[in-house]
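Since we're looking at a predicted model, the values are computed, not measured.
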Amino acid sequence: MCGIIGIVGRSPVNQSLFDGLTVLQHRGQDAAGMATCQDKRLFLRKDNGLVRDVFRTRHMQRLHGNMGIGHVRYPTAGSFNSAEAQPFYVNSPFGITLAHNGNLTNTPQLKNELFRSDLRHINTDSDSEILLNVFAHELQRASGVYIDHSDIFNAVEAVHHRVRGAYAVVALIIGHGILAFRDPYGIRPLVYGRRESEDGVEYMVASESVALDALDFKLVRDVEPGEAIFIDTNGHVYTRQCADRPLYSPCIFEFVYLARPDSIIDNVSVHKARMRMGEYLAEKILRVWPDHDIDVVIPIPDTSRTVALQLASALGLKYREGFIKNRYIARTFIMPGQKMREKSVRQKLNAISLEFRDKKVLLVDDSIVRGTTSAQIVQMAREAGAREVYFASAAPPVRYPNVYGIDMPTAGELIAHGRSEEEVAREIGVDRLIFQDLPDLEEAVRRGNPRLRRFDTSCFSGEYVTGDIDSSYLHCLEEQRNDDAKTKRSSRDNKIADLHAF
């Protein structure tokens, strides 16, 4: 999960890119980057850290030009190396810089092809750099000294034939314009919009519509699965379906947790989808526990608030805010490394004892992934005086790794993997646990857009929409991305940083 943005404007876009990335900060807090173009020259700034820390006034003043792209990074591999911050750049052909949200599933094969057949060098462990080089190679093959949108779309078609996995992409081709495209399954989100200015029409692409809203762009629509959109420097927009057999299969976890509630993704209001999740969860409680004795419903902020409020309303129960959140702590789920996640929970949340004392409390969260955060929150509720602590999850049990760009890589780190719901309840220390049913979750999202007949639900079902994931792949992924591997990688990157400091 990362955030990407691209703008073709009529005036300098550096401030707009900064503002858009700030709105998308929830999608990645590890690194940020921005590239702009003026007079066929590229200006690039990227580093580890939050948007506000990476871009100081001196950096903004050097980011010239009326078009540019940006990225906020969330490290699925747990690397802290600033060399893997995006956008990435290659100078041939034409000069291309690219930012990517997602995860490729045939990275080793592509890396080997790039070295042996395409004669291209990859400098980092990032699959985004691989994706950039595949696109650059195919554009070079499809074009001559000059290119038009047809050449660019032909290159995207070739990318779809070679690349597997999830990818929402924005790329800047120096002197030509900005390209955006989405994988044939539409796993990761991508939207575009337009804005009328005094000098003409401006265009923007972004991971979520909320970034368009913040900059007063009007949402046009989602980029379709397999579709490419090219906006040239004169503001002309070209589109083409570049995949042979696109099959709409967006990641359902975007609606559960990743996206902001004020976004519209795949023509579905995230806020309304979460309201429906609350309704379905309430129906399940009445079905499996009709004689419940819940006194109060308390959300675990922030993502679950909408779900909890609708659930409480449907059950005719009191809704109360029982936890106060420290706004200056990063989102726990997307923190790299288990120790950092565990340490941050008590810093992030504090219980209001008045709302728990002598009550039978139903805590509502968006999901339970590793379970350590949930266990700590349950303990906080008991320490605050709760007589009984129940727990409801807006999502089904997360039992399988996610391979499409969310940090759920290792089955052994998932509390529900290999455990029954009763066993999970004992592990996190609750008196009763209710999970959302997967068909209800799918319907909660689908009611917003009947076109969505299929979703990527792999972390719940173990079914991978790209059809290329087997036990061997998952084993290799586990070796690369478990918390021990992240610790070793972090240590290596810190040593590299120390060497660069001399």
Side-chain angles (χ1 to χ4, degrees), residues 1-2 28-30 73-80 102-103 105 107 125 127 165-166 251-254 256-258 300 303 330-346 348 365-379 391 393-430 433 435-436 438 456-464 469-493:
M1 179 184 80
C2 297
Q29 300 165 357
D30 181 65
R73 180 173 180 264
Y74 154 72
T76 52
S79 174
F80 298 92
N103 186 63
T105 57
T107 297
D125 294 328
D127 60 345
C251 173
I252 205 162
F253 208 72
E254 289 278 354
V256 172
Y257 173 81
L258 302 180
I300 298 171
T303 320
R331 297 181 90 180
T332 311
F333 174 80
I334 67 174
M335 284 184 171
Q338 184 61 28
K339 289 183 178 179
M340 192 179 298
R341 285 187 292 267
E342 291 177 2
K343 181 181 178 182
S344 72
V345 175
R346 293 271 179 172
K348 182 171 108 170
D365 207 352
D366 50 76
S367 59
I368 302 174
V369 182
R370 292 167 177 87
T372 50
T373 297
S374 301
Q376 289 186 63
I377 291 172
V378 169
Q379 183 60 31
F391 203 107
S393 168
V398 176
R399 302 189 188 279
Y400 304 94
N402 182 284
V403 302
Y404 300 126
I406 305 176
D407 193 15
M408 299 176 186
T410 306
E413 294 175 359
L414 304 174
I415 194 169
H417 181 76
R419 291 187 176 96
S420 67
E421 294 184 14
E422 292 74 18
E423 289 171 329
V424 174
R426 286 196 294 271
E427 287 289 323
I428 67 173
V430 293
L433 175 61
F435 282 104
Q436 184 87 265
L438 183 55
D456 168 49
T457 62
S458 53
C459 59
F460 307 123
S461 65
E463 299 174 4
Y464 297 93
I469 306 302
D470 56 20
S471 58
S472 175
Y473 179 91
L474 293 175
H475 176 73
C476 291
L477 195 69
E478 180 172 347
E479 292 296 313
Q480 295 170 1
R481 294 189 174 181
N482 60 41
D483 276 341
D484 287 340
K486 289 176 182 178
T487 300
K488 292 177 183 177
R489 186 186 291 257
S490 175
S491 177
R492 181 201 68 185
D493 291 341

| Leu438 side chain reached by Ser461 side chain, heavy atoms, under 4.5 Å | yes
| field | Check: Ile406 and Tyr257 side chains under 4.5 Å, non-hydrogen atoms | value | no
| query | Sequence neighbours excluded, which residues qualify as side-chain contact (heavy atoms from CB on, under 4.5 Å) partners of Asp456? | reply | Ile187, Cys251, Asn402, Tyr404, Ser458, Val465
| query | Mind checking what makes side-chain hydrogen bond (donor to acceptor under 3.5 Å, both in side chains) contact with Thr105, not counting sequence neighbours? | reply | Asp468
| Are any of the side-chain heavy atoms of Val403 and Leu474 separated by less than 4.5 Å? | yes
| Non-neighbouring partners of Glu254 that pass side-chain hydrogen bond (donor to acceptor under 3.5 Å, both in side chains), sequence neighbours left out | Arg27, Arg188
| message | For a quick test of reading the model, state the closest non-hydrogen atom pair linking Ala375 to Glu427 and the distance between them. | response | CB-O, 4.4 Å
| said: Using 0.5 Å steps for rounding, measure from the CG atom of Leu258 to the OG1 atom of Thr303. | reply: 9.0 Å
| query | side-chain hydrogen bond (donor to acceptor under 3.5 Å, both in side chains) with Glu421: which residues, sequence neighbours excluded? | reply | none
| request: Can you measure from CG (Asp366) to CD (Gln436) and round to the nearest 0.5 angstrom? | output: 12.0 Å
| Residues which pass side-chain contact (heavy atoms from CB on, under 4.5 Å) with Glu423, listed by chain and number, not counting sequence neighbours | Arg419, Ser420, Arg426
| said: Let me confirm one number: the CG-OG1 distance from Asp127 to Thr107, rounded to the nearest 0.5 Å. | reply: 4.5 Å
| query | What residues, two or more places apart in sequence or in another chain, satisfy side-chain contact (heavy atoms from CB on, under 4.5 Å) together with Ala425? | reply | Val430, Leu433
| Nearest heavy-atom neighbours spanning Tyr74 and Gly405 | CE2-O, 3.3 Å
| said: Please evaluate residues Phe435 and Val424 with respect to the criterion side-chain contact (heavy atoms from CB on, under 4.5 Å), reporting the C-alpha separation (whole Å), side-chain torsions for both, the decisive distance (0.1 Å), and the verdict. | reply: CA-CA 11 Å; Phe435 282 104; Val424 174; 4.2 Å; yes
| message | Could you work out, with side-chain contact (heavy atoms from CB on, under 4.5 Å) as the rule, every residue matching Ala395, not counting sequence neighbours? | response | Val256, Ser367, Ser393, Phe460
| field | Heavy-atom closest pair, residues Arg370 and Asp407 | value | NH2-O, 3.0 Å
| said: For a quick test of reading the model, state the closest non-hydrogen atom pair linking Gly371 to Ile428 and the distance between them. | reply: O-CG2, 3.8 Å
| task | Any chance you could measure Leu477, atom CG, to Thr410, atom OG1, to the nearest 0.5 Å? | result | 7.0 Å
| query | What do the steps show when you test Val369 against Leu414 for side-chain contact (heavy atoms from CB on, under 4.5 Å), and what is the final call? | reply | CA-CA 6 Å; Val369 182; Leu414 304 174; 3.7 Å; yes
